[in-house]
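A quick write-up on the structure given underneath.
The first residue of the sequence shown is numbered 1, and numbering continues consecutively from there.
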Amino acid sequence: MESQNRGGFATNFGFLMAAIGSAVGLGNLWGFPYKMGANGGFAFLLVYLILAIFVGLAVMLGEMALGRKTGQGCVGAYAAMGKKFKWVGVCGVVAGFFILCFYMVLGGMVLRYVCGYLLAMFGSNNFGDPATFFGRFITNGGSMLIWFFVFTLLNVLVIAGGVAEGIEKFNKIAMPALFFLLLIVLIYVACQPGAGEGYKFMFSWNVKPLQEDFLKVVKTAAGQMFFSLSLGMSVMITYGSYLSKKEDLEKDALIVVVSDTLIAIMAGMVVLPACAAFGLEYGAGPGLLFSTMQVVFASMGGFIGNFIGFLFYLLVFLAAMSSSISVLEGVTAYFVDKNLKEGKGGETGGRKKACIIAAVVIFVVGSLVALDGLGGGIEGGALINSPAQMLGIEAQGWSDCWLDFFDMLSEGILMPLGSMMLAIFIGYVWKTDTIMDECEASGHKAWGHGFFKFCYKITTPIGMLIVLYGQITSFFG
Ligand code: PFF
């Protein structure tokens, strides 16, 4: 009865689209290309793939299995394994909350670009000079808040619909559409003269960057892999709890990891060759998605530039939405589970109310991110200062803007800490069989016993330790 009220995915395809939707996000379309650009192209790709196979896949399976085994969201799932584990679940939900405080702001910014290019196709010059638009936009507090609000509202509308009727329906349409749009843009970019340099940078054998600064490449790839797979942020446990016992968990985890990696590589194959073709720098850093790409579309010129720009930002928008709803669901599920246990909130455990309250709090706290001009502060024309400016200290990775502050709390500490604990619990406390038995609850014979045992005992705890070390040193180093 209780699990009926919690809701669930109607089909395995729906579950897969939702889990892939969560994994495929700004991390793939933005983080992956720019980090690859700044970390030696091929060398980065190589390390990324090794880590995804030996670390990411096992954590993914562990989270999904834990969720399905206990039938609970993140906090409930850890608590069901023993009261002393509960705090790790709390880390996941709190991390999800902090992530949304900046991710929803970014989602709103993407939405602005989608609408802007749509209007531009019909002749409206609403961006002004493309080279300076980004700077003007981020210091316009009113505009940033409005787009942030609209994006948050869209998330609430999907979540309030429930798991099968809201999340599953959205992803079943959005994910295939995203793939198709990405393919069109990729083919168009491939036809541009000069694009070949970008592919060479990505795919021709070159491990020199590893010899020059091994630790930097490994740290960056490890953090990227972990974020990109949506691990440690309550999502895969929550989605796993909505999955039917008859589905093959190992296969599902593998499909999600492979799809996420494929889309990241495809995004690299759009962004890096596009930069090569138009003579722009790969390693432009975080500005790549918003300012560099805008210059690319302006260079394509006329209607076609606006059209490709529209398609590109539309697919980025779909990716951002499917990711943010997964985390908002992770937070909402916490309250729903709690309500159902206490007999409150009626049939659905107060789903609508829970997600609206969560969204309002996220909007209020996230306003800090929308208003500081991404760190430019009052001097740079924004409405409020960055944390460093407010405290009167020298800016560091965690304090140079509010976005980085919330990122530090979530991606820097809570997520890798939680996932490292999960890896240790599975390898040494609950033991690998807890996960493998859940895989076999479907009636399929588990094929990955030996491989996953090796991962859970050795590569996953070590890999997660590298992620944690890398994140802490990059924020505080
Ligand atoms: N895997 C997501 C990405 O690559 O963008 C990570 C994520 C971030 C998911 C923020 C959800 C979210 F709200």
Original post:
Are Y334 and Q72 side-chain neighbours, meaning at least one heavy-atom pair lies under 4.5 Å?
Top reply: no
**OP:** Supply the atom-to-atom distance S228 OG to D260 CG, rounded to the nearest 0.5 angstrom.
**Re:** 3.5 Å
Original post:
Where is the tightest heavy-atom contact between L229 and G56, given as atom of each residue plus distance?
Top reply: CD1-CA, 3.7 Å
**OP:** For residues L422 and G62, report the shortest heavy-atom separation together with the two atoms involved.
**Re:** CD2-C, 4.5 Å
Original post:
With a 4.5 Å limit on heavy-atom distance, are the side chains of L66 and Y78 in contact?
Top reply: yes
Original post:
For the side chain of S143 and the backbone of N140, is there at least one donor-acceptor N/O pair under 3.5 Å apart?
Top reply: no
Original post:
In terms of heavy-atom contacts, does OH of Y428 have more than 12 from other residues, nucleotides or ligands at under 6.0 Å?
Top reply: yes
Original post:
Less than 6.0 Å separating the ring centroids of F102 and W402?
Top reply: no
**OP:** Would you give the length of the straight line joining atom CD1 of I138 to atom CG of L371, rounded to the nearest 0.5 angstrom?
**Re:** 12.0 Å
Subject >> Check against side chain to side chain donor-acceptor pair (under 3.5 Å), N155 and S324 >> reply: CA-CA 7 Å; N155 274 263; S324 56; 2.7 Å; yes
**OP:** Tell me, with the steps shown, if S474 and K219 meet side chain to side chain donor-acceptor pair (under 3.5 Å).
**Re:** CA-CA 9 Å; S474 70; K219 261 171 36 176; over 6 Å; no
**OP:** Take Y113 and F312 through the ring-ring contact (aromatic ring centres under 6.0 Å, His included) test and state the conclusion after the steps.
**Re:** CA-CA 10 Å; Y113 279 70; F312 178 78; 9.8 Å; no
Original post:
Going from OH on Y313 to CG on L289, what distance comes out if it is rounded to the nearest 0.5 angstrom?
Top reply: 5.0 Å
Original post:
What distance do I424 atom CD1 and T460 atom OG1 have between them, rounded to the nearest 0.5 Å?
Top reply: 11.0 Å
**OP:** Might you confirm whether atom CZ of F476 has over 12 heavy atoms from other residues, nucleotides or ligands at distances under 6.0 Å?
**Re:** yes
Original post:
Does the pair M266 and N28 meet the rule for a side-chain contact (heavy atoms from CB on, under 4.5 Å), with working shown?
Top reply: CA-CA 9 Å; M266 285 174 71; N28 304 58; over 6 Å; no
**OP:** Indicate, with yes or no, if the rings of Y48 and F32 have centres closer together than 6.0 Å.
**Re:** yes
Original post:
Yes or no on side-chain contact (heavy atoms from CB on, under 4.5 Å) for Y103 and D407, after CA distance, side-chain angles and deciding distance?
Top reply: CA-CA 9 Å; Y103 205 83; D407 195 24; over 6 Å; no
**OP:** Say whether, by atom type as modelled, one donor and one acceptor occur between the side chain of D433 and the main chain of M436 under 3.5 angstrom.
**Re:** no
Original post:
Counting distance only, does the side-chain N/O of D213 pair as donor-acceptor with the main-chain N or O of P209 below 3.5 Å?
Top reply: no
Original post:
Is a side-chain donor or acceptor of Q224 paired with a backbone partner of G27 at a separation under 3.5 angstrom?
Top reply: yes
Original post:
Can L178 and M175 be said to form a side-chain contact (heavy atoms from CB on, under 4.5 Å), step by step?
Top reply: CA-CA 5 Å; L178 178 153; M175 284 296 105; 3.9 Å; yes
Original post:
Just wondering, do I237 and R68 contact through their side chains at under 4.5 Å, heavy atoms?
Top reply: no
Original post:
Between M202 and L272, which heavy-atom pair has the shortest distance, and what is it?
Top reply: CG-CD1, 3.7 Å
Original post:
Do W430 and F85 have ring centres separated by under 6.0 Å?
Top reply: yes
Original post:
Got a second to check how far C401's SG is from L374's CG, nearest 0.5 Å?
Top reply: 6.0 Å
Original post:
Quick check: are there more than 12 heavy atoms from other residues, nucleotides or ligands sitting under 6.0 Å from NZ of K69?
Top reply: no
Subject >> Closest contact, heavy atoms only, L311 versus L181 >> reply: CD2-CD2, 3.7 Å
Subject >> Minimum heavy-atom distance Q192-A277, with the two atoms named >> reply: CB-CB, 4.0 Å
Subject >> Sidechain-backbone polar pair: N385 side chain, M390 backbone, donor-acceptor under 3.5 Å >> reply: no
Original post:
F405 versus D372: any side-chain heavy-atom pair under 4.5 Å?
Top reply: no
Subject >> Any donor-acceptor pair under 3.5 Å from S22 side chain to A18 backbone >> reply: no
Subject >> Check: V93 and M233 side chains under 4.5 Å, non-hydrogen atoms >> reply: no
Subject >> Atom CZ of F307 with >12 non-hydrogen neighbours under 6.0 angstrom >> reply: no
**OP:** Applying side-chain contact (heavy atoms from CB on, under 4.5 Å), run through F310 and N306 and close with a yes or a no.
**Re:** CA-CA 6 Å; F310 169 68; N306 289 328; over 6 Å; no
Original post:
Is S399 reaching over with its side chain to a backbone N or O of A395, donor-acceptor style, under 3.5 angstrom?
Top reply: no
**OP:** State, with a plain yes or no, whether a side-chain heavy atom of M408 is found less than 4.5 Å away from one of I413.
**Re:** yes
Subject >> S291/Q294 under side chain to side chain donor-acceptor pair (under 3.5 Å): CA gap, chis, key distance, verdict >> reply: CA-CA 5 Å; S291 46; Q294 200 169 23; over 6 Å; no
**OP:** Report yes or no: do E197 and Y282 form a side-chain donor-acceptor pair below 3.5 Å?
**Re:** no
Original post:
Can you tell if the side chain of K35 reaches within under 4.5 Å of the side chain of F44, non-hydrogen atoms only?
Top reply: yes
**OP:** Kindly check if the number of other-residue, nucleotide or ligand heavy atoms within 6.0 Å of CZ (F203) is above 12?
**Re:** yes
**OP:** Examine F133 together with F137 and report whether their ring centres are nearer than 6.0 Å.
**Re:** yes
Original post:
Would a 4.5 Å heavy-atom cut-off, applied to side chains only, mark L215 and Y469 as touching?
Top reply: yes
Original post:
Under the ring-ring contact (aromatic ring centres under 6.0 Å, His included) criterion, do F42 and F201 qualify, and how do the steps go?
Top reply: CA-CA 6 Å; F42 177 80; F201 178 69; over 10 Å; no
Original post:
Okay, side chain of Y456, backbone of A58: is any donor-acceptor separation there less than 3.5 Å?
Top reply: yes
Original post:
Is there a donor-acceptor contact under 3.5 Å linking the side chains of S386 and Q389?
Top reply: yes
Original post:
Distance-only, no hydrogens or angles: does the S323 side chain make a donor-acceptor pair with backbone N or O of V24 under 3.5 Å?
Top reply: yes
Subject >> Nearest atoms (heavy-atom pairs only) where S419 meets G232 >> reply: OG-CA, 3.3 Å
Original post:
About how many Å separate SG of C74 and NZ of K86, when rounded to the nearest 0.5 Å?
Top reply: 11.5 Å
Original post:
Backbone N or O of D129 within a donor-acceptor pair of the R136 side chain at under 3.5 Å?
Top reply: yes
Original post:
Step by step, would you call F15 with Y239 a ring-ring contact (aromatic ring centres under 6.0 Å, His included)?
Top reply: CA-CA 7 Å; F15 166 77; Y239 275 5; 7.0 Å; no
